[in-house]
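Starting from 1, each residue takes its place in the sequence as its number. Values reported hereafter were calculated over all heavy atoms of this structure, with side chains retained and with hydrogens, waters and symmetry mates removed.
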Amino acid sequence: MSERSWEPAERLVPELLHELMHMGAVEYGGQVIQQYKHVDTRRYINLDGTGQAWEVAVAGPGEVGARRIDLDVAKARVLS
């Protein structure tokens with residue numbers, strides 16, 4: 001698995017950087033998805049290096065499910 005990266009959050013949600021914690025990364029379908037948790041809502045925003053937002057479910061080691069979602073939807077969810 002690749003290392004943690006703040007680059008997707010820095011590029012896509014710079015206004016939220018001071019409110020996010022980096023929680024790790026998962027791989028799905030060849031994409032590395034960085035996972036960030038909001039310090040207040042405790043909700044996640046998941047972003048890959050191409051600028052795509054994801055909804056991610058991790059059931060166990062090696063058991064990752066994900067689907068692409070709109071970035072504005074991901075922002076609204078992490079703040080709600």
Side-chain angles (χ1 to χ4, degrees):
M1 176 54 53
S2 58
E3 295 185 22
R4 296 176 180 202
S5 172
W6 280 97
E7 189 277 329
E10 290 169 343
R11 187 167 39 89
L12 298 169
V13 291
E15 71 279 10
L16 297 178
L17 280 181
H18 66 284
E19 301 174 43
L20 299 175
M21 300 177 282
H22 195 294
M23 302 305 292
V26 297
E27 188 173 341
Y28 180 78
Q31 289 291 333
V32 176
I33 303 168
Q34 303 292 328
Q35 299 186 289
Y36 311 97
K37 185 172 17 174
H38 192 277
V39 296
D40 293 326
T41 67
R42 312 307 275 178
R43 294 182 184 270
Y44 281 76
I45 187 165
N46 306 291
L47 307 169
D48 71 21
T50 70
Q52 179 63 57
W54 294 81
E55 184 174 70
V56 174
V58 179
E63 297 180 45
V64 176
R67 70 179 182 101
R68 294 175 181 183
I69 61 172
D70 183 78
L71 181 58
D72 289 333
V73 170
K75 287 183 194 179
R77 286 183 182 176
V78 79
L79 293 171
S80 66

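The hydrophobic clustering, which links ILVMFWY residues whose side-chain heavy atoms are closer than 4.5 Å, places Leu79 and Leu20 together. Trp6 and Leu71 fall within the same hydrophobic cluster, defined by Ile, Leu, Val, Met, Phe, Trp and Tyr side-chain heavy atoms under 4.5 Å apart, directly or through other members.
Minimum heavy-atom separation, Trp54 to Ala66: CE3-CB, 3.7 Å. The shortest non-hydrogen separation linking Pro14 to Leu12 is CD-C, 3.4 Å.
Looking at heavy atoms from C-beta onward, Ile45 lies out of side-chain contact with His38 at the 4.5 angstrom threshold. Residues Thr41 and Glu19 are not in side-chain contact: their nearest non-hydrogen atoms beyond the backbone lie 4.5 Å or more apart. Side-chain contact check for Glu10 versus Leu17: some heavy-atom pair is nearer than 4.5 Å.
Applying the side chain to side chain donor-acceptor pair (under 3.5 Å) test to Gln35 and every residue at least two apart in sequence or in another chain returns Asn46.
Residue Val78 forms a side chain to side chain contact (heavy atoms under 4.5 Å, CB included) with just one option from Val13, Asp40, Leu16, and that option is Leu16.
Relative ring orientation between Tyr36 and His22 is described as perpendicular, the plane-to-plane angle rising above 60° on a 0-90° scale split at 30° and 60°.
Distance alone, capped at 3.5 Å, places no donor-acceptor pair between the Gln34 side chain and the Met23 backbone. With hydrogens and angles disregarded, a donor-acceptor distance shorter than 3.5 Å links the side chain of Arg43 to the backbone of Ser80.
The structure places CG of Leu47 at 12.0 Å from CD of Gln31, a figure rounded to the nearest 0.5 Å.
Sorted by first and then second residue, the side-chain hydrogen bond (donor to acceptor under 3.5 Å, both in side chains) pairs with a member in residues 64-74 read Glu55-Arg67; sequence neighbours excluded.
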Kindly determine whether Glu27 and Val64 satisfy side-chain contact (heavy atoms from CB on, under 4.5 Å), including the steps that lead there. CA-CA 8 Å; Glu27 188 173 341; Val64 176; over 6 Å; no

